[in-house]
Amino acid sequence: MPELPEVEVVRAGLERHVTGATITSVAVLHDRPVRRHPGGATSFAAALTGRKVVGTRRRGKYLWLPLDNSDDAERVSGGDSGQQAARATPPDTLPAGDALLVHLGMSGQLLVQPPHAPAERHLRVRIGLDRAWELRFVDQRMFGGLSVSAGGADLPPEIAHIARDPLDPLFDDTEFVARLRRRTAGVKRLLLDQGLISGIGNIYADEALWRSGLHGERPADRLTRAQAIELLRHVREVMVEALDQGGTSFDSLYVNVNGESGYFDRALHAYGREDAPCDRCGTAIRRVAFMNRSSYFCPRCQPAPRRRRVV
DNA sequence: CGAGGTACCTGAGAGC
DNA sequence: TGCTCTCAGGTACCTC
């Protein structure tokens, strides 16, 4: 389940192995992963073929590969008439470059493989490159997906609503703390709100809350400023630790997001530890249902909030 | 606008 | 053995 650190490890791997490569072929083996691309698989393949990958970018759990603006390639538009839109663009306003936008969802992987390597069980999209390897999108559950974003090189408009992530140098701590403390929802729900802060998933939310001694259902507007700042600090701490562990196992061509990333080896204090003793106080970790998933917490270190008084 | 709920999707594993 | 059920969860979309 890739969260920010895993996606960043993938981005770094792609930066090394894919930047500068030209896409020579695209094979979409399942429609669902390209469902967000207007025009579907055929349009997706046409929009990519012949384009050159000129970089790698990430915001939260999204990553995108800016493409060159080669005139040979079919220009992408927001709608279904790409060529007309391209010609309608005034010549003095060169459109921002397009980008291949990627979300790994729950089980997505981007692999760099030799073309002759056997197909993975859940191989969905193959992207041939003018290299000794190709890019593969493998995704069992297909919550993830790929699309070509028109003019999305700098920031794809499809993800304009996604907030900056806490490792972004332009992330505004003060603004985040203020916005968080204006909300009445439980603090875990808000950590998972990608429009408020991006990159955090269920696992890192639980870990950051455990480190902060905060229960996930604590209303955000009941946090002190100091508590909110401390929570943000712990979010960053958990992510950086994960990044440090994941970053070392990616020397090979194999760019992975599950297993080898060190993700599951990492010492987790709360997530997945139901009934195990809390590493701080020894109390049994509890699991409760939350938003169609699970929350893990120490009932002693992270006491449940009292019910808000009905006014 | 915010809060909170649900559909989407597949396969592993449990229980019978 | 084979069936059914539950669970994993990020995001878009829905209602209130």
Side-chain angles (χ1 to χ4, degrees), chain A residues 1-8 10 28-38 58-64 101-110 119-125 137-147 149 156-163 165-166 176 178-209 216-223 235 239 242 257-259 261 263-264 268 270-275 286-297 305 307-308 310-311:
Chain A
M1 293 129 264
E3 301 182 29
L4 185 153
E6 291 72 30
V7 178
E8 173 56 22
V10 172
V28 177
L29 309 180
H30 198 295
D31 282 336
R32 182 162 171 83
V34 297
R35 67 194 177 282
R36 306 235 176 263
H37 183 88
R58 182 188 55 73
R59 174 177 284 199
K61 303 169 197 171
Y62 283 91
L63 65 90
W64 65 97
L101 179 62
V102 182
H103 197 288
L104 299 173
M106 285 221 7
S107 52
Q109 296 170 274
L110 276 172
E120 291 74 13
R121 181 141 141 77
H122 303 294
L123 179 60
R124 309 302 188 191
V125 180
F137 183 68
V138 177
D139 191 2
Q140 179 211 117
R141 275 168 258 188
M142 295 189 290
F143 277 43
L146 312 176
S147 63
S149 171
E158 294 88 342
I159 61 166
H161 63 290
I162 301 294
D165 62 65
F176 166 73
R179 287 183 67 192
L180 179 73
R181 295 182 65 235
R182 267 184 243 129
R183 304 278 291 266
T184 59
V187 66
K188 178 168 179 181
R189 180 176 277 272
L190 297 172
L191 286 181
L192 297 176
D193 180 348
Q194 306 295 302
L196 183 64
I197 183 172
S198 69
I200 306 173
N202 200 39
I203 298 175
Y204 293 126
D206 278 2
E207 292 301 306
L209 288 167
E217 287 165 27
R218 173 84 77 95
D221 63 352
R222 287 212 200 155
L223 293 181
V235 165
M239 285 183 169
V257 299
N258 290 328
S261 71
Y263 194 87
F264 295 106
L268 297 174
Y271 182 83
R273 299 195 63 234
E274 185 177 18
D275 294 334
R286 291 238 293 134
R287 180 173 78 100
V288 296
F290 168 78
M291 285 172 75
N292 285 328
R293 60 208 69 190
S294 294
S295 282
Y296 298 87
F297 66 99
R307 293 276 289 270
R308 186 181 292 269
V310 182
V311 186

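So you know, we letter chains A, B, ... as the sequences are listed, proteins then strands, and number each from 1.
Rounding to the nearest 0.5 Å places CD of A:Q140 at 10.0 Å from CD of A:Q109. Residue A:L209 holds its CG atom at 5.5 Å from CG of A:L191, rounded to the nearest 0.5 Å. One finds the NE2 atom of A:H103 at 11.0 Å from the CG atom of A:D139 (value rounded to the nearest 0.5 Å).
Distance A:L101 CG to C:dA12 P: 10 Å, rounded to the nearest Å. Between the C1' atom of C:dG10 and the CG atom of A:L63 lies a distance of 15 Å, rounded to the nearest Å. Between the NZ atom of A:K188 and the P atom of B:dG4 there is a distance of 15 Å, rounded to whole Å. A:Q109 places its CD atom 16 Å from the C1' atom of C:dG10, with the value rounded to the nearest Å. As rounded to whole Å, 10 Å separates atom P of C:dT11 from atom CZ of A:R36. Atom P of nucleotide B:dC8 and atom CE of A:M291 are separated by 18 Å, given to the nearest angstrom. Protein atom CZ of A:F290 is 17 Å distant from nucleotide atom C1' of C:dC7, rounded to whole Å. One interatomic measurement links the two molecules: CE of A:M106 to C1' of B:dA12, which rounds to 12 Å at whole-angstrom precision.
Counting any heavy atom pair closer than 4.0 Å across all strands shown, A:R32 reaches sugar-phosphate atoms only and no base atom. At a threshold of 4.0 angstrom between heavy atoms, the contacts of A:R35 with the nucleic acid are absent.
Applying the 4.0 Å criterion to OP1 and OP2 of B:dC9, one finds that A:H122 has every side-chain N and O outside that range. For A:H161, a side-chain nitrogen or oxygen approaches OP1 or OP2 of C:dA12 to under 4.0 Å. Distances shown here put every side-chain N or O of A:S107 at or beyond 4.0 Å from the OP1 or OP2 atom of B:dG11. The phosphate of C:dT11 (OP1 or OP2) has a side-chain N or O of A:H103 nearer than 4.0 angstrom. Taking only side-chain nitrogens and oxygens, A:Q140 never comes nearer than 4.0 Å to OP1 or OP2 of B:dC9.
Donor-acceptor pairing under 3.5 Å, judged by distance alone, is present between the side chain of A:R141 and the base of C:dA8.
Closest contact between the side chain of A:K61 and the listed nucleotides C:dA12, C:dA8, C:dT11 involves C:dT11. Side-chain atoms of A:R121 lie closest to B:dA12 of the nucleotides C:dT11, B:dA12, B:dA3. Distances were taken from every side-chain heavy atom of A:N292 (C-beta onward) to each of B:dA3, B:dT6, C:dA12; the shortest belongs to B:dT6.
Contact of the A:E8 side chain with the A:M239 side chain is not registered, since no non-hydrogen atoms from C-beta on lie closer than 4.5 Å. Side-chain contact between A:Y62 and A:L101 is present, with heavy atoms from C-beta onward closer than 4.5 Å.
Residue-to-nucleotide proximity on DNA chain B shows that, of A:R182 and A:R293, the 5′-proximal contact is made by A:R182.
Applying the salt bridge (charged side-chain N to carboxylate O under 4.0 Å, His left out) test to pairs two or more places apart or on separate chains, those with a residue in residues 195-207 of chain A are A:K188-A:D206.
Salt bridge A:R58/A:D165: present, at least one basic N to carboxylate O contact under 4.0 Å.
Overall, the helix from B:dG2-C:dC16 to B:dC16-C:dG2 carries an axis bend of 50° between its ends, with five pairs at each end and the value rounded to 10°.
Across A:L4 and A:S198, no two heavy atoms sit closer than the pair CD1-O, 4.3 Å.
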